[in-house]
Amino acid sequence: MPLFFPQEDASDVRRRYKPDVIKGDMDSIRREVLEFYASLGTEIVDKSHDQDTTDLHKCVTYIRDSASGLDKSNLCILVVGALGGRFDHEMGNLNVICRFSYMRIVLLSNDSLIHLLPRTYCHEIHIQTSVEGPHCGLIPIGTPSKSSTTTGLQWDLNNTAMEFGGLVSTSNIVKEEKVTVQSDCDLLWTISIKKL
Amino acid sequence: MDLMHHSSTFLLPTIPLHHRPSLTYALVVLNQTLPRFAPLLWKHAQLRLCADGGANRVFDEMPLLFPEEDASDVRRRYKPDVINGDMDSIRKEVLDFYRSLGTKIIDKSHDQDTTDLHKCITYIWDFAPDANKSSLCILVAGALGGRYDHEMGNLNVLYCFSSLRIVLLSDDSLIYLLPRTHHHEIHIQTSVEGPHCGLIPIGVPSRSSTTTGLQWNLNNTEMRFGGLISSSNIVVGEKVTVQSDTDLLWTISIKKL
C-alpha cells in the first residue's frame, strides 16, 4: 500500500489501510506484520487447524457467517490476488466461486475480472466502458453447456453448445453497453480491465 | 488400458541419455514475461516458435537473462525458427530483425477463429512427420497470466489437442493434460518441481479418479467444479499414478532455484 502513495509517509499509509480481519492458516504472514495489525485492533482469526479449505474459502465463509455490522442483503465480495502464482491455487480459487454460486464474488487481477453467472438466472451485464472491455469470454468451467445464448457480443452465442475440447468463447468482444447471457450451466464471465 | 509416462526432464540442465520416454521438444513462446528458465527450454527444443508478441518477449527479455553479455549476441543466439500468428502485437523492428536473420514468418492475420497458440500447435502438428508425433512434446511459455480469457483459451488448446503432449509453463507451475484414455505414471523430478500439485477436472465432472503418490490420494473419488477438486495437494515420493474417467489437468509447482 505505501508504494501506491510514494509521497506519503509509509506508517501513515499503513494505519489508514488497516484490515478489519486477518484470517487463514497463518503460514505466510510475517510475524511483524501480524503484530503491527494486531496492535491496531485488526481481528486475527487463526484457522491453521483447518487444512481442508483454501484461505479464500475461509474468508468467504467468515464474511457469510460471522462478519458483524455488515449488511449482507446485497453483498458482493471483491477478491484481489486470486489469479497468477501457483496454478493449483488459482483453480482452487475458481472453485470457491463455483461452490458459493449463490454469492456475488468477483476475482480481480490487473488485467481481468471474473465472476460466475449461475445457470438459475438470465443475466444482464452492464458494461462500464470507461474501465472495462472490450475483450471478454464465457467459460463452461465445470460442465459442458448444451445451450448458451447471448446478446451484445461480437460473436454472440445462439443456443450454442460450448465445452472444453470444443468451442469456448474466448477473445470475444463486447459490442454494446449491455450484454445478456443465459445458459443451461454455470458460466464464468471474464472481461478485460482497461489500463488507465 | 495403455500406460503413459510423464517426466519434467525438460526442466533439468541435461536430459539423461536413455531416459524414457524419449521425446522431441518444440518450444512456443507466447506474449507474457519469459519464465526465468526460458533459456533452458530453448536449449532442449529442436524447434522454437514465437507466437506474434512472443517475439517481442524473446527480443526484449532474453538479453535480461544474460546481463553480462552483449544484447545483440544474445538476440542472435536466441533466434526463433518461426514466428506465427496474426501479427497484431509484434513490433515492426522485432519482425524485421528476425526476418533478416532467416526466421520464417507466417502471417495468419486472416484467421481470427483460433488463438495464436492454436495456430502454433497446428503448425507444429502439420510440420512434424507422422512417425514422430507420439514422441513430440510441445513446451509453451507465457500461456498463463495476462488476460484471463486468453488463459482459458490456452487451457482449451490442451483439450482440443488431447493426443499431443503439450506443457504450459509459468515461473510458478507447469500444467499438462492427462487424457482419460490412459493410465498415467508421473515421475517427479524432485530437484526442480513439487511438492505442491493438483488434479483439476476442467470442463467435465469426473465420476471416478484414483491416484497413488499424493498426500491426499483419490480413491474412485468424484471431482467437479463446485465440489471437490484436488488443489493444494502434495507429492509424496517420486512417482504419482493417476487414472480417471475424464481428462484431468495435472499441475505441479516449479521450484525457485
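Proteins come first, then strands; the chains are lettered A, B, ... in the order of their sequence lines, and each starts at number 1.
A donor-acceptor contact shorter than 3.5 Å links the side chain of A/Thr42 to the backbone of A/Pro19. Using a distance-only test at 3.5 Å, with no hydrogens or angles considered, a donor-acceptor pair links the side chain of B/Asn56 to the main chain of B/Ser89. Side chain of A/Lys58 to backbone of A/Thr53: a donor-acceptor contact under 3.5 angstrom is found. No donor-acceptor distance shorter than 3.5 angstrom exists from the side chain of A/Ser39 to the backbone of A/Tyr37, with no hydrogens or angles considered. With hydrogens and angles ignored, the 3.5 Å screen pairs a side-chain donor or acceptor of A/Asn95 with a backbone N or O of B/Gly226. A distance-only check finds no donor-acceptor pair linking the side chain of B/Thr122 to the backbone of B/Cys120 [under 3.5 Å]. For the pair A/Asp186 (side chain) and A/Arg119 (backbone), a donor-acceptor distance under 3.5 Å is present.
Atom CZ of B/Arg36 has more than 12 heavy atoms from other residues, nucleotides or ligands within 6.0 Å. The 12-atom threshold is exceeded at NZ of A/Lys194, counting heavy atoms of other residues, nucleotides or ligands nearer than 6.0 Å. For B/Asp107, the CG atom is densely surrounded, since the number of other residues' heavy atoms within 6.0 Å is greater than 12. Within a 6.0 Å sphere centred on CZ of A/Arg31, other residues, nucleotides and ligands contribute 12 heavy atoms or fewer. Counting non-hydrogen atoms of neighbouring residues, nucleotides and ligands closer than 6.0 angstrom, the CZ atom of A/Arg104 reaches no more than 12 such neighbours.
Interface remark: B/Ile200 contributes side-chain atoms only to the contact with chain A (heavy atom separation under 4.5 Å). For A/Cys185, no part sits under 4.5 Å from any heavy atom of chain B, backbone or side chain. Only the side chain of B/Thr251 comes within less than 4.5 Å of a heavy atom in chain A; its backbone stays farther off. For A/Ile114, the part lying near chain B is the side chain, with the backbone staying farther off; criterion is any non-hydrogen pair under 4.5 Å. If you measure heavy-atom distances from A/Pro144 to chain B, the contacts under 4.5 Å come from both the backbone and the side chain. When heavy atoms are compared at a cutoff of 4.5 Å, A/Thr170 approaches chain B by way of both its backbone and its side chain. No part of A/Leu138 comes within reach of chain B, as not one of its non-hydrogen atoms sits under 4.5 angstrom from that chain. Contacts of B/Leu249 with chain A are made by side-chain atoms alone, with heavy-atom separations under 4.5 Å and no backbone atom involved. With a 4.5 angstrom heavy-atom cutoff, B/Ser231 touches chain A via backbone and side-chain atoms both.
Checking B/Thr9 against B/Tyr25 by side-chain atom types alone, a donor-acceptor pair falls below 3.5 Å. A/His126 and A/Glu124 form a side-chain donor-acceptor contact under 3.5 Å, judged by distance and modelled atom types alone.
Counting heavy-atom pairs closer than 4.5 Å to chain A, the top residue among B/Gly227, B/Pro205, B/Pro201, B/Gly198 is B/Gly227. Of the residues considered (A/Pro140, A/Ser112, A/Cys136, A/Ser145), A/Ser112 shows the highest number of contacts with chain B, using heavy-atom pairs under 4.5 Å. Most heavy-atom pairs under 4.5 Å with chain A, from the set B/Ile229, B/Ile254, B/Asn233: that is B/Ile229. Looking only at heavy-atom pairs under 4.5 Å with chain B, the residue among A/Leu94, A/Asp111, A/Thr143, A/Ile141 that has the most is A/Ile141. Among B/Cys160, B/Ser162, B/Ser253, the residue with the largest count of heavy-atom pairs under 4.5 Å with chain A is B/Cys160. Ranking B/Leu155, B/Leu228, B/Thr115 against chain A, the residue ahead of the rest is B/Leu155, based on heavy-atom pairs under 4.5 Å. Ranked by heavy-atom pairs shorter than 4.5 Å toward chain B, the options A/Cys98, A/Gly85, A/Ser109, A/Gly142 are led by A/Gly142.
Relative ring orientation between A/Phe100 and A/His57 is described as perpendicular, the plane-to-plane angle rising above 60° on a 0-90° scale split at 30° and 60°.
Within residues 140-148 of chain B, the residues having any heavy atom less than 4.5 Å from a heavy atom of chain A are, in residue-number order, B/Leu144, B/Gly146, B/Arg147, B/Tyr148. By a heavy-atom distance cut of under 4.5 Å, A/Arg86, A/Phe87, A/Asp88, A/His89, A/Glu90, A/Met91, A/Gly92 are the residues of residues 86-93 of chain A near chain B, going up by number.
None of B/Asn31, B/Ile83, B/Asp88, B/Leu95 except one satisfies the side-chain contact (heavy atoms from CB on, under 4.5 Å) rule with B/Asp52; the exception is B/Asp88.
With ring centers used as reference points, A/Phe5 lies under 6.0 Å from A/Tyr17.
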